[in-house]
Undergrad: 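Got a structure for you, written out below as C-alpha coordinates; questions coming shortly.
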2 protein chains.
Amino acid sequence: MTDQQKDTEQMILNAARKVFIEKGLDGARMQEIADEAGINKALLHYYFRSKDKLFGMIFQEELGKFFPKIISVMSSSEYSLEDKIRAFVNDYISIFIKNPFLPSFILRELQRDPENLRQFIVKSGFDVSSVKFVITNLSNQLNMTFDEARHFMINMVSLCIFPFAGRPLIEKILFSEDKSEYNQFLEERKVIVAEYIIRTLKTGK
Amino acid sequence: MTDQQKDTEQMILNAARKVFIEKGLDGARMQEIADEAGINKALLHYYFRSKDKLFGMIFQEELGKFFPKIISVMSSSEYSLEDKIRAFVNDYISIFIKNPFLPSFILRELQRDPENLRQFIVKSGFDVSSVKFVITNLSNQLNMTFDEARHFMINMVSLCIFPFAGRPLIEKILFSEDKSEYNQFLEERKVIVAEYIIRTLKTGK
DNA sequence: TGAAATTTTAACCATATGGTTAAAATAATT
DNA sequence: AATTATTTTAACCATATGGTTAAAATTTCA
(Lines give C-alpha, C1' and ligand atoms only; values in the text may rest on other atoms or scores of the structure.)
Protein backbone atom coordinates (compact mmCIF):
# COMPACT_ATOMS: atom_id res chain seq x y z
CA MET A 1 0.00 0.00 0.00
CA THR A 2 1.45 3.34 -1.07
CA ASP A 3 1.65 6.41 1.10
CA GLN A 4 -0.92 8.10 -1.01
CA GLN A 5 -3.34 5.28 -0.49
CA LYS A 6 -2.70 5.48 3.21
CA ASP A 7 -3.41 9.18 3.12
CA THR A 8 -6.66 8.76 1.27
CA GLU A 9 -7.65 5.96 3.55
CA GLN A 10 -6.91 8.13 6.55
CA MET A 11 -8.84 11.05 5.09
CA ILE A 12 -11.80 8.81 4.57
CA LEU A 13 -11.56 7.37 8.06
CA ASN A 14 -11.33 10.85 9.53
CA ALA A 15 -14.34 11.98 7.58
CA ALA A 16 -16.29 8.86 8.46
CA ARG A 17 -15.40 9.26 12.12
CA LYS A 18 -16.65 12.80 12.16
CA VAL A 19 -19.92 12.07 10.41
CA PHE A 20 -20.70 8.81 12.15
CA ILE A 21 -19.98 10.19 15.60
CA GLU A 22 -22.19 13.18 15.00
CA LYS A 23 -25.05 11.48 13.19
CA GLY A 24 -24.83 7.83 14.09
CA LEU A 25 -25.11 4.93 11.68
CA ASP A 26 -28.74 5.70 10.83
CA GLY A 27 -28.26 9.40 10.39
CA ALA A 28 -25.01 9.33 8.45
CA ARG A 29 -24.98 9.50 4.66
CA MET A 30 -22.26 8.01 2.51
CA GLN A 31 -22.41 11.09 0.31
CA GLU A 32 -21.77 13.30 3.31
CA ILE A 33 -18.75 11.24 4.28
CA ALA A 34 -17.43 11.49 0.73
CA ASP A 35 -17.96 15.25 0.73
CA GLU A 36 -16.31 15.61 4.12
CA ALA A 37 -13.33 13.63 2.83
CA GLY A 38 -13.23 15.72 -0.32
CA ILE A 39 -13.70 12.76 -2.62
CA ASN A 40 -16.54 11.13 -4.49
CA LYS A 41 -18.84 8.29 -3.63
CA ALA A 42 -17.28 5.88 -6.10
CA LEU A 43 -13.88 6.21 -4.49
CA LEU A 44 -15.39 5.87 -1.07
CA HIS A 45 -16.82 2.50 -2.00
CA TYR A 46 -13.58 1.65 -3.75
CA TYR A 47 -11.75 1.95 -0.44
CA PHE A 48 -14.43 0.64 1.89
CA ARG A 49 -16.89 -1.78 0.44
CA SER A 50 -19.96 -0.89 2.42
CA LYS A 51 -21.34 1.54 4.93
CA ASP A 52 -21.57 -1.20 7.53
CA LYS A 53 -17.93 -2.17 7.12
CA LEU A 54 -16.80 1.43 7.39
CA PHE A 55 -18.97 2.01 10.39
CA GLY A 56 -17.65 -1.13 12.02
CA MET A 57 -14.09 0.14 11.81
CA ILE A 58 -15.00 3.49 13.31
CA PHE A 59 -17.09 2.00 16.06
CA GLN A 60 -14.29 -0.42 16.91
CA GLU A 61 -11.82 2.43 17.11
CA GLU A 62 -14.01 4.64 19.25
CA LEU A 63 -14.92 1.83 21.59
CA GLY A 64 -11.20 1.45 22.17
CA LYS A 65 -11.00 5.08 23.24
CA PHE A 66 -14.08 4.76 25.38
CA PHE A 67 -12.86 1.87 27.48
CA PRO A 68 -10.55 3.47 29.96
CA LYS A 69 -7.03 2.15 29.60
CA ILE A 70 -6.50 3.52 33.08
CA ILE A 71 -8.51 0.69 34.53
CA SER A 72 -5.30 -1.29 34.97
CA VAL A 73 -3.85 1.49 37.09
CA MET A 74 -6.76 0.96 39.43
CA SER A 75 -5.60 -2.56 40.18
CA SER A 76 -1.92 -1.74 40.62
CA SER A 77 -0.48 -1.34 44.08
CA GLU A 78 1.82 1.56 43.40
CA TYR A 79 -0.49 4.35 44.36
CA SER A 80 -2.87 4.95 47.19
CA LEU A 81 -6.51 4.37 46.47
CA GLU A 82 -7.11 8.09 46.56
CA ASP A 83 -4.45 8.75 43.98
CA LYS A 84 -5.84 6.01 41.78
CA ILE A 85 -9.22 7.64 41.88
CA ARG A 86 -7.67 10.99 41.04
CA ALA A 87 -5.82 9.49 38.11
CA PHE A 88 -8.83 7.60 36.83
CA VAL A 89 -11.19 10.55 36.93
CA ASN A 90 -8.67 13.00 35.54
CA ASP A 91 -7.66 10.80 32.65
CA TYR A 92 -11.14 9.63 31.81
CA ILE A 93 -12.59 13.12 31.72
CA SER A 94 -9.59 14.32 29.72
CA ILE A 95 -10.35 11.74 27.06
CA PHE A 96 -13.88 13.05 26.77
CA ILE A 97 -12.77 16.65 26.63
CA LYS A 98 -10.65 15.64 23.66
CA ASN A 99 -13.50 13.58 22.19
CA PRO A 100 -16.63 15.38 23.32
CA PHE A 101 -19.10 13.32 21.31
CA LEU A 102 -17.57 9.98 22.16
CA PRO A 103 -19.93 9.15 25.05
CA SER A 104 -23.09 9.99 23.12
CA PHE A 105 -21.86 8.06 20.14
CA ILE A 106 -21.04 4.90 22.06
CA LEU A 107 -24.21 4.99 24.12
CA ARG A 108 -26.39 5.64 21.09
CA GLU A 109 -24.98 2.88 18.95
CA LEU A 110 -24.95 0.44 21.83
CA GLN A 111 -28.61 1.14 22.36
CA ARG A 112 -29.34 0.63 18.67
CA ASP A 113 -27.64 -2.72 18.51
CA PRO A 114 -26.62 -4.21 21.84
CA GLU A 115 -26.10 -7.67 20.34
CA ASN A 116 -22.84 -6.93 18.60
CA LEU A 117 -21.20 -5.51 21.70
CA ARG A 118 -19.56 -8.75 22.73
CA GLN A 119 -17.60 -9.26 19.51
CA PHE A 120 -16.57 -5.62 19.49
CA ILE A 121 -15.28 -5.90 23.02
CA VAL A 122 -13.30 -8.99 22.13
CA LYS A 123 -11.79 -7.32 19.07
CA SER A 124 -10.99 -4.15 20.99
CA GLY A 125 -8.78 -6.19 23.26
CA PHE A 126 -10.48 -4.88 26.35
CA ASP A 127 -10.25 -7.25 29.25
CA VAL A 128 -13.65 -7.42 30.90
CA SER A 129 -12.45 -9.49 33.81
CA SER A 130 -9.97 -6.80 34.80
CA VAL A 131 -12.86 -4.54 35.71
CA LYS A 132 -14.33 -7.17 37.94
CA PHE A 133 -10.90 -7.59 39.45
CA VAL A 134 -10.71 -3.89 40.20
CA ILE A 135 -14.07 -4.07 41.87
CA THR A 136 -13.07 -7.04 43.98
CA ASN A 137 -9.99 -5.13 45.07
CA LEU A 138 -12.10 -2.13 45.93
CA SER A 139 -14.49 -4.20 47.97
CA ASN A 140 -11.55 -5.54 50.01
CA GLN A 141 -9.90 -2.20 50.57
CA LEU A 142 -13.10 -0.44 51.45
CA ASN A 143 -14.65 -3.18 53.53
CA MET A 144 -17.59 -3.44 51.20
CA THR A 145 -19.49 -6.21 49.52
CA PHE A 146 -18.85 -6.76 45.83
CA ASP A 147 -22.25 -5.27 45.11
CA GLU A 148 -21.45 -2.11 47.03
CA ALA A 149 -18.12 -1.72 45.32
CA ARG A 150 -19.84 -2.14 41.98
CA HIS A 151 -22.20 0.71 42.85
CA PHE A 152 -19.17 2.73 43.83
CA MET A 153 -17.44 2.04 40.53
CA ILE A 154 -20.53 2.86 38.50
CA ASN A 155 -21.00 6.04 40.48
CA MET A 156 -17.53 7.11 39.53
CA VAL A 157 -18.07 6.38 35.87
CA SER A 158 -21.48 8.08 35.89
CA LEU A 159 -20.00 11.28 37.22
CA CYS A 160 -17.38 11.25 34.48
CA ILE A 161 -19.57 10.43 31.51
CA PHE A 162 -22.98 11.94 32.05
CA PRO A 163 -21.99 15.60 31.72
CA PHE A 164 -20.86 14.77 28.19
CA ALA A 165 -23.78 12.59 27.17
CA GLY A 166 -26.26 15.07 28.60
CA ARG A 167 -24.46 18.20 27.49
CA PRO A 168 -27.15 19.66 25.20
CA LEU A 169 -29.68 19.42 27.99
CA ILE A 170 -27.52 20.63 30.85
CA GLU A 171 -25.93 23.40 28.84
CA LYS A 172 -29.32 24.76 27.89
CA ILE A 173 -30.88 24.59 31.34
CA LEU A 174 -28.01 25.40 33.66
CA PHE A 175 -25.56 27.32 31.53
CA SER A 176 -27.76 29.47 29.31
CA GLU A 177 -26.11 27.86 26.31
CA ASP A 178 -22.77 29.37 27.20
CA LYS A 179 -20.36 26.93 25.62
CA SER A 180 -17.15 28.27 27.07
CA GLU A 181 -18.63 28.30 30.55
CA TYR A 182 -19.61 24.69 30.05
CA ASN A 183 -16.11 23.82 28.89
CA GLN A 184 -14.77 25.47 32.01
CA PHE A 185 -17.21 23.44 34.06
CA LEU A 186 -15.98 20.21 32.46
CA GLU A 187 -12.39 21.19 33.20
CA GLU A 188 -13.24 21.70 36.84
CA ARG A 189 -14.73 18.26 37.09
CA LYS A 190 -11.35 16.61 36.59
CA VAL A 191 -10.59 17.61 40.17
CA ILE A 192 -14.02 18.12 41.68
CA VAL A 193 -15.36 14.67 40.86
CA ALA A 194 -12.32 12.93 42.26
CA GLU A 195 -12.44 14.90 45.49
CA TYR A 196 -16.17 14.36 45.69
CA ILE A 197 -15.70 10.62 45.50
CA ILE A 198 -12.82 10.58 47.94
CA ARG A 199 -14.92 12.49 50.41
CA THR A 200 -17.45 9.67 50.50
CA LEU A 201 -14.72 7.29 51.55
CA LYS A 202 -13.90 9.30 54.64
CA THR A 203 -17.24 9.02 56.33
CA GLY A 204 -18.15 5.63 57.70
CA LYS A 205 -18.77 3.04 55.03
CA MET B 1 -64.32 13.14 18.28
CA THR B 2 -65.86 9.77 18.99
CA ASP B 3 -64.58 7.27 21.53
CA GLN B 4 -63.50 5.01 18.75
CA GLN B 5 -61.41 7.71 17.21
CA LYS B 6 -59.86 8.37 20.55
CA ASP B 7 -59.08 4.70 20.91
CA THR B 8 -57.46 4.48 17.53
CA GLU B 9 -55.52 7.64 18.18
CA GLN B 10 -54.33 6.23 21.46
CA MET B 11 -53.35 2.95 19.87
CA ILE B 12 -51.32 4.81 17.30
CA LEU B 13 -49.67 6.98 19.90
CA ASN B 14 -48.81 3.94 21.99
CA ALA B 15 -47.32 2.21 19.00
CA ALA B 16 -45.43 5.31 17.94
CA ARG B 17 -44.10 5.79 21.44
CA LYS B 18 -42.80 2.27 21.56
CA VAL B 19 -41.13 2.36 18.16
CA PHE B 20 -39.72 5.88 18.40
CA ILE B 21 -38.29 5.32 21.87
CA GLU B 22 -36.60 2.14 20.81
CA LYS B 23 -35.35 3.21 17.39
CA GLY B 24 -35.28 6.97 17.43
CA LEU B 25 -36.60 9.23 14.70
CA ASP B 26 -34.04 8.07 12.16
CA GLY B 27 -34.42 4.39 12.90
CA ALA B 28 -38.22 4.27 13.14
CA ARG B 29 -40.34 3.25 10.15
CA MET B 30 -43.89 4.43 9.63
CA GLN B 31 -44.79 0.94 8.47
CA GLU B 32 -43.48 -0.50 11.71
CA ILE B 33 -45.58 1.92 13.72
CA ALA B 34 -48.65 0.98 11.68
CA ASP B 35 -47.95 -2.71 12.21
CA GLU B 36 -47.39 -2.21 15.92
CA ALA B 37 -50.72 -0.36 16.12
CA GLY B 38 -52.43 -3.08 14.12
CA ILE B 39 -53.54 -0.73 11.36
CA ASN B 40 -52.32 0.24 7.90
CA LYS B 41 -50.14 3.06 6.72
CA ALA B 42 -52.97 4.97 5.08
CA LEU B 43 -54.85 5.22 8.33
CA LEU B 44 -51.72 6.19 10.15
CA HIS B 45 -51.28 9.18 7.88
CA TYR B 46 -55.00 9.86 8.10
CA TYR B 47 -54.64 10.43 11.84
CA PHE B 48 -51.20 12.01 11.92
CA ARG B 49 -50.15 13.87 8.85
CA SER B 50 -46.43 13.21 8.93
CA LYS B 51 -43.72 11.31 10.70
CA ASP B 52 -42.28 14.53 12.05
CA LYS B 53 -45.58 15.63 13.53
CA LEU B 54 -46.11 12.27 15.17
CA PHE B 55 -42.59 12.22 16.48
CA GLY B 56 -43.00 15.71 17.83
CA MET B 57 -45.96 14.67 19.94
CA ILE B 58 -44.14 11.68 21.36
CA PHE B 59 -40.97 13.61 22.06
CA GLN B 60 -42.96 16.33 23.78
CA GLU B 61 -44.70 13.78 25.95
CA GLU B 62 -41.54 11.97 26.92
CA LEU B 63 -39.66 15.14 27.64
CA GLY B 64 -42.42 15.91 30.11
CA LYS B 65 -41.73 12.64 31.88
CA PHE B 66 -38.02 13.22 31.79
CA PHE B 67 -38.04 16.56 33.52
CA PRO B 68 -38.42 15.72 37.16
CA LYS B 69 -41.63 17.14 38.54
CA ILE B 70 -39.98 16.62 41.91
CA ILE B 71 -37.73 19.57 41.32
CA SER B 72 -40.27 21.78 43.05
CA VAL B 73 -40.05 19.65 46.16
CA MET B 74 -36.38 20.51 46.27
CA SER B 75 -37.18 24.17 46.72
CA SER B 76 -39.89 23.70 49.33
CA SER B 77 -39.11 24.23 52.98
CA GLU B 78 -41.18 21.41 54.39
CA TYR B 79 -38.53 18.75 54.47
CA SER B 80 -34.94 18.62 55.53
CA LEU B 81 -32.39 18.78 52.78
CA GLU B 82 -31.58 15.15 53.33
CA ASP B 83 -35.18 14.11 52.91
CA LYS B 84 -35.46 16.19 49.78
CA ILE B 85 -32.50 14.40 48.31
CA ARG B 86 -34.03 11.05 49.26
CA ALA B 87 -37.31 12.01 47.63
CA PHE B 88 -35.68 13.34 44.50
CA VAL B 89 -33.47 10.33 43.91
CA ASN B 90 -36.17 7.83 44.76
CA ASP B 91 -38.78 9.41 42.53
CA TYR B 92 -36.46 10.10 39.65
CA ILE B 93 -35.06 6.58 39.55
CA SER B 94 -38.58 5.19 39.91
CA ILE B 95 -39.63 7.05 36.79
CA PHE B 96 -36.80 5.48 34.86
CA ILE B 97 -37.54 2.01 36.18
CA LYS B 98 -41.02 2.47 34.79
CA ASN B 99 -39.65 3.95 31.55
CA PRO B 100 -36.31 2.25 31.08
CA PHE B 101 -35.55 3.64 27.64
CA LEU B 102 -36.57 7.19 28.43
CA PRO B 103 -33.06 8.47 29.23
CA SER B 104 -31.49 7.00 26.10
CA PHE B 105 -34.33 8.29 23.99
CA ILE B 106 -34.13 11.84 25.27
CA LEU B 107 -30.35 12.01 25.15
CA ARG B 108 -30.21 10.54 21.66
CA GLU B 109 -32.78 12.87 20.14
CA LEU B 110 -31.35 15.87 21.91
CA GLN B 111 -27.98 15.08 20.44
CA ARG B 112 -29.50 14.70 16.99
CA ASP B 113 -31.23 18.03 17.06
CA PRO B 114 -30.30 20.29 19.96
CA GLU B 115 -31.81 23.34 18.30
CA ASN B 116 -35.41 22.46 18.91
CA LEU B 117 -34.92 21.89 22.61
CA ARG B 118 -35.93 25.37 23.62
CA GLN B 119 -39.37 25.30 22.07
CA PHE B 120 -39.99 21.84 23.42
CA ILE B 121 -39.08 22.96 26.90
CA VAL B 122 -41.42 25.90 26.63
CA LYS B 123 -44.28 23.73 25.41
CA SER B 124 -43.64 21.10 28.07
CA GLY B 125 -44.35 23.73 30.69
CA PHE B 126 -41.10 23.03 32.48
CA ASP B 127 -39.81 25.99 34.41
CA VAL B 128 -36.11 26.30 33.74
CA SER B 129 -35.60 29.02 36.29
CA SER B 130 -36.90 26.80 39.06
CA VAL B 131 -33.84 24.62 38.68
CA LYS B 132 -31.56 27.58 39.05
CA PHE B 133 -33.57 28.57 42.09
CA VAL B 134 -33.04 25.12 43.60
CA ILE B 135 -29.32 25.44 43.01
CA THR B 136 -29.18 28.87 44.58
CA ASN B 137 -30.96 27.46 47.62
CA LEU B 138 -28.54 24.59 47.77
CA SER B 139 -25.57 26.89 47.61
CA ASN B 140 -26.93 28.83 50.58
CA GLN B 141 -27.75 25.82 52.71
CA LEU B 142 -24.47 24.10 51.99
CA ASN B 143 -22.21 27.11 52.17
CA MET B 144 -21.14 26.66 48.61
CA THR B 145 -20.70 28.86 45.57
CA PHE B 146 -23.35 28.62 42.88
CA ASP B 147 -20.86 26.79 40.71
CA GLU B 148 -20.19 24.19 43.39
CA ALA B 149 -23.88 23.65 43.99
CA ARG B 150 -24.36 23.20 40.27
CA HIS B 151 -21.76 20.46 40.26
CA PHE B 152 -23.55 18.91 43.19
CA MET B 153 -26.88 18.96 41.39
CA ILE B 154 -25.43 17.51 38.22
CA ASN B 155 -23.70 14.82 40.22
CA MET B 156 -27.04 13.82 41.68
CA VAL B 157 -28.69 13.67 38.28
CA SER B 158 -25.75 11.81 36.75
CA LEU B 159 -25.99 9.10 39.37
CA CYS B 160 -29.71 8.68 38.66
CA ILE B 161 -29.62 8.68 34.87
CA PHE B 162 -26.40 7.09 33.73
CA PRO B 163 -27.15 3.52 34.81
CA PHE B 164 -30.14 3.64 32.47
CA ALA B 165 -28.46 5.32 29.52
CA GLY B 166 -25.45 3.05 29.82
CA ARG B 167 -27.33 -0.11 30.63
CA PRO B 168 -26.29 -2.24 27.63
CA LEU B 169 -22.64 -1.56 28.39
CA ILE B 170 -22.74 -1.96 32.14
CA GLU B 171 -24.98 -4.98 32.05
CA LYS B 172 -22.63 -6.75 29.69
CA ILE B 173 -19.42 -5.91 31.52
CA LEU B 174 -20.40 -5.99 35.15
CA PHE B 175 -23.51 -8.15 35.26
CA SER B 176 -22.78 -10.89 32.73
CA GLU B 177 -25.95 -9.86 30.92
CA ASP B 178 -28.09 -10.94 33.84
CA LYS B 179 -31.14 -8.73 33.40
CA SER B 180 -32.88 -9.51 36.63
CA GLU B 181 -29.70 -8.86 38.60
CA TYR B 182 -29.42 -5.51 36.84
CA ASN B 183 -33.02 -4.68 37.70
CA GLN B 184 -32.26 -5.52 41.30
CA PHE B 185 -29.25 -3.24 41.11
CA LEU B 186 -31.36 -0.37 39.81
CA GLU B 187 -33.86 -0.93 42.63
CA GLU B 188 -31.06 -0.67 45.18
CA ARG B 189 -29.93 2.63 43.77
CA LYS B 190 -33.11 4.37 44.90
CA VAL B 191 -31.65 4.23 48.40
CA ILE B 192 -27.95 3.83 47.78
CA VAL B 193 -27.53 6.91 45.62
CA ALA B 194 -29.38 9.12 48.06
CA GLU B 195 -27.32 7.92 51.00
CA TYR B 196 -24.17 8.23 48.94
CA ILE B 197 -24.92 11.85 48.22
CA ILE B 198 -25.93 12.63 51.77
CA ARG B 199 -22.66 11.16 52.98
CA THR B 200 -20.75 13.77 51.00
CA LEU B 201 -22.57 16.49 52.89
CA LYS B 202 -21.37 15.28 56.23
CA THR B 203 -17.68 15.72 55.66
CA GLY B 204 -16.47 19.29 55.47
CA LYS B 205 -17.41 21.00 52.27
C1' DT C 1 7.85 9.00 -22.26
C1' DG C 2 4.86 5.30 -21.27
C1' DA C 3 2.78 1.98 -18.26
C1' DA C 4 0.40 1.50 -13.95
C1' DA C 5 -2.22 3.20 -10.26
C1' DT C 6 -5.43 6.53 -8.51
C1' DT C 7 -9.35 9.46 -8.92
C1' DT C 8 -13.31 11.53 -11.22
C1' DT C 9 -17.39 11.66 -13.93
C1' DA C 10 -21.78 10.47 -14.59
C1' DA C 11 -25.01 7.54 -15.62
C1' DC C 12 -27.41 3.83 -13.70
C1' DC C 13 -29.76 0.12 -10.59
C1' DA C 14 -32.44 -1.70 -6.88
C1' DT C 15 -34.55 -0.87 -2.91
C1' DA C 16 -36.56 1.56 0.91
C1' DT C 17 -39.27 4.98 2.48
C1' DG C 18 -42.57 8.85 3.45
C1' DG C 19 -46.56 10.08 1.66
C1' DT C 20 -50.94 10.15 -1.46
C1' DT C 21 -55.08 8.64 -3.59
C1' DA C 22 -59.44 6.69 -4.81
C1' DA C 23 -62.35 3.12 -4.47
C1' DA C 24 -64.11 -0.71 -1.88
C1' DA C 25 -65.35 -2.74 2.50
C1' DT C 26 -66.77 -2.61 7.09
C1' DA C 27 -68.79 -0.75 11.17
C1' DA C 28 -71.62 2.65 13.64
C1' DT C 29 -75.54 5.66 13.93
C1' DT C 30 -79.93 7.48 12.92
C1' DA D 1 -82.59 0.28 5.60
C1' DA D 2 -80.08 4.22 4.58
C1' DT D 3 -76.64 7.34 5.81
C1' DT D 4 -72.39 8.46 7.71
C1' DA D 5 -67.97 7.59 9.60
C1' DT D 6 -64.06 4.54 9.92
C1' DT D 7 -60.84 1.38 8.01
C1' DT D 8 -58.69 -1.39 4.42
C1' DT D 9 -56.81 -2.39 0.02
C1' DA D 10 -53.60 -1.64 -3.21
C1' DA D 11 -51.73 0.74 -6.51
C1' DC D 12 -48.96 4.62 -7.10
C1' DC D 13 -45.51 8.73 -6.73
C1' DA D 14 -41.34 11.15 -5.65
C1' DT D 15 -37.32 11.04 -3.49
C1' DA D 16 -33.36 9.40 -1.02
C1' DT D 17 -30.03 6.22 -0.56
C1' DG D 18 -26.48 2.44 -0.78
C1' DG D 19 -24.12 0.61 -4.17
C1' DT D 20 -22.20 -0.44 -9.11
C1' DT D 21 -20.07 0.27 -13.45
C1' DA D 22 -17.27 1.63 -17.26
C1' DA D 23 -14.91 4.95 -19.39
C1' DA D 24 -12.27 9.11 -19.11
C1' DA D 25 -9.00 11.96 -16.73
C1' DT D 26 -5.29 12.59 -13.80
C1' DT D 27 -1.36 11.45 -11.17
C1' DT D 28 2.62 8.53 -10.00
C1' DC D 29 6.59 6.36 -10.98
C1' DA D 30 9.75 3.37 -13.37
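All values below were derived from every heavy atom in this structure, side-chain atoms included, with hydrogens, water molecules and symmetry-related copies excluded. Convention: sequence-line order gives letters A, B, ...; per-chain numbering from 1.
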Undergrad: What is the distance from CD of B:Glu32 to C1' of C:dA16, rounded to the nearest Å?
TA: 14 Å

Undergrad: What's the CD1-P distance between A:Ile39 and C:dT7, to the nearest Å?
TA: 8 Å

Undergrad: Walk me through it: do B:Phe101 and B:Phe105 pass the test ring-ring contact (aromatic ring centres under 6.0 Å, His included)?
TA: CA-CA 6 Å; B:Phe101 297 108; B:Phe105 175 66; over 10 Å; no

Undergrad: Using the salt bridge (charged side-chain N to carboxylate O under 4.0 Å, His left out) criterion, which residues pair with B:Glu181? Sequence neighbours excluded.
TA: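 B:Glu181 satisfies salt bridge (charged side-chain N to carboxylate O under 4.0 Å, His left out) with A:Arg150 only.
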
Undergrad: Rounded to whole angstrom units, what separation is found between the OH atom of B:Tyr47 and the C1' atom of C:dG18?
TA: 20 Å

Undergrad: Using nucleotides 21-26 of chain C, report all nitrogen or oxygen pairs with the protein that are shorter than 3.5 Å.
TA:
none

Undergrad: A:Arg29 has a side chain; which of C:dG18, D:dG18, C:dT6 sits nearest to it?
TA: D:dG18

Undergrad: Measure CG/A:Asp7 against P/C:dA5 and give the value in whole Å, please.
TA: 19 Å

Undergrad: Choosing from D:dT8, C:dG19, C:dT7, which nucleotide comes nearest the side chain of B:Asn40?
TA: D:dT8

Undergrad: Taking salt bridge (charged side-chain N to carboxylate O under 4.0 Å, His left out) as the definition, give me every residue that meets it alongside B:Lys53, ordered by chain and number, with sequence neighbours left out.
TA: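 For B:Lys53, no residue satisfies salt bridge (charged side-chain N to carboxylate O under 4.0 Å, His left out) once neighbours in sequence are set aside.
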
Undergrad: Rounded to the nearest Å, what distance is computed from the NZ atom of residue B:Lys41 to the P atom of nucleotide C:dA16?
TA: 12 Å

Undergrad: If you check the A:Thr8 side chain, which of C:dT7, C:dT8, D:dT6 turns out closest?
TA: C:dT7

Undergrad: State, with a plain yes or no, whether a side-chain heavy atom of A:Ile121 is found less than 4.5 Å away from one of B:Ile173.
TA: yes

Undergrad: A:His45 has a side chain; which of D:dG19, C:dG19, C:dT6 sits nearest to it?
TA: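 Minimum distance to the A:His45 side chain belongs to D:dG19.
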
Undergrad: How many Å lie between CD on B:Gln31 and P on D:dT8, as a whole number?
TA: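 In whole Å, D:dT8 P lies 12 Å from B:Gln31 CD.
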
Undergrad: Locate the shortest heavy-atom distance separating A:Lys18 from A:Glu36; write the atom from each residue and the value.
TA: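 In this case the closest contact between A:Lys18 and A:Glu36 is NZ-OE2, 3.2 Å.
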
Undergrad: Could you check how far NZ of A:Lys51 sits from P of D:dT20, rounded to whole Å?
TA: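 It works out to 14 Å between those atoms.
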
Undergrad: Would you kindly give the CZ-to-C1' distance between A:Arg49 and D:dT20, to the nearest whole Å?
TA: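 The answer, rounded to whole Å, is 12 Å.
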
Undergrad: Within the structure shown, what part of the strands sits under 4.0 Å from B:Ala34 by heavy-atom distance: base, sugar-phosphate, or nothing?
TA: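 If one applies the 4.0 Å heavy-atom cut-off, B:Ala34 turns out to touch nothing in the nucleic acid.
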
Undergrad: For the CZ atom of B:Arg108 and the CG atom of A:Asp26, what is their distance to the nearest 0.5 Å?
TA: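 Reported to 0.5 Å precision, the distance equals 9.0 Å.
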
Undergrad: Tell me whether the count of non-hydrogen atoms from other residues, nucleotides or ligands lying under 6.0 Å of OH in B:Tyr79 goes above 12.
TA: no

